[in-house]
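Throughout, numbering of the chain's residues begins at 1 and tracks the sequence.
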Amino acid sequence: MVYAGPLILGFVMGFILGTRIKTDPESKLKFTLGSYIVVLIVAVAMAYIIGPFPFYTDVPLAPGFVSAIAGLIIGKITFGR
């Protein structure tokens with residue numbers, strides 16, 4: 001059984017943090033599509049290493065962590081400053 005609580009809370013918190021990320025125009029720091037893909041792959045690997053929450057035996061990774069990273073990336077793309 002997949003519980004929606006950690007997924008929703010992780011996504012909302014990641015989305016809020018993603019909207020707050022500021023990039024300084026003078027720093028020349030550019031996030032390309034490849035950097036977002038690398039962050040997502042590393043986040044899935046970390047979620048696999050962390051493992052599921054106690055008593056969540058459906059998937060072998062932490063779904064709240066993955067949804068938080070997805071929310072962070074989507075928040076940055078849509079409303080990032």
Side-chain angles (χ1 to χ4, degrees):
M1 173 180 268
V2 177
Y3 295 99
L7 294 173
I8 294 170
L9 183 63
F11 184 81
V12 168
M13 289 180 67
F15 188 81
I16 291 171
L17 287 175
T19 61
R20 307 308 302 167
I21 294 175
K22 297 178 183 178
T23 53
D24 187 16
E26 296 175 0
S27 71
K28 297 186 171 95
L29 179 66
K30 301 291 182 198
F31 284 101
T32 62
L33 179 63
S35 62
Y36 286 115
I37 291 172
V38 168
V39 167
L40 190 60
I41 290 171
V42 169
V44 169
M46 286 178 58
Y48 181 76
I49 292 170
I50 291 171
F53 295 118
F55 310 111
Y56 293 3
T57 57
D58 296 340
V59 291
L61 48 95
F65 187 76
V66 173
S67 67
I69 295 298
L72 184 89
I73 291 172
I74 291 171
K76 174 63 182 152
I77 290 173
T78 56
F79 296 112
R81 298 174 183 204

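With sequence neighbours excluded, the residues that form a side chain to side chain contact (heavy atoms under 4.5 Å, CB included) with Leu17 are Leu72. When the side chain to side chain contact (heavy atoms under 4.5 Å, CB included) test is applied to Ala70, no partner is found at least two apart in sequence or on another chain.
Smallest separation of non-hydrogen atoms from Ile16 and Thr19: O-OG1, 2.7 Å.
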N/O donor-acceptor pairs under 3.5 Å from side chains in residues 7-15, not counting sequence neighbours:
none

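Through ILVMFWY side-chain contacts below 4.5 Å, Ile49 is grouped with nothing and stands alone.
Interatomic distance, Ile73 CD1 to Ile37 CD1, rounded to the nearest 0.5 Å: 9.5 Å.
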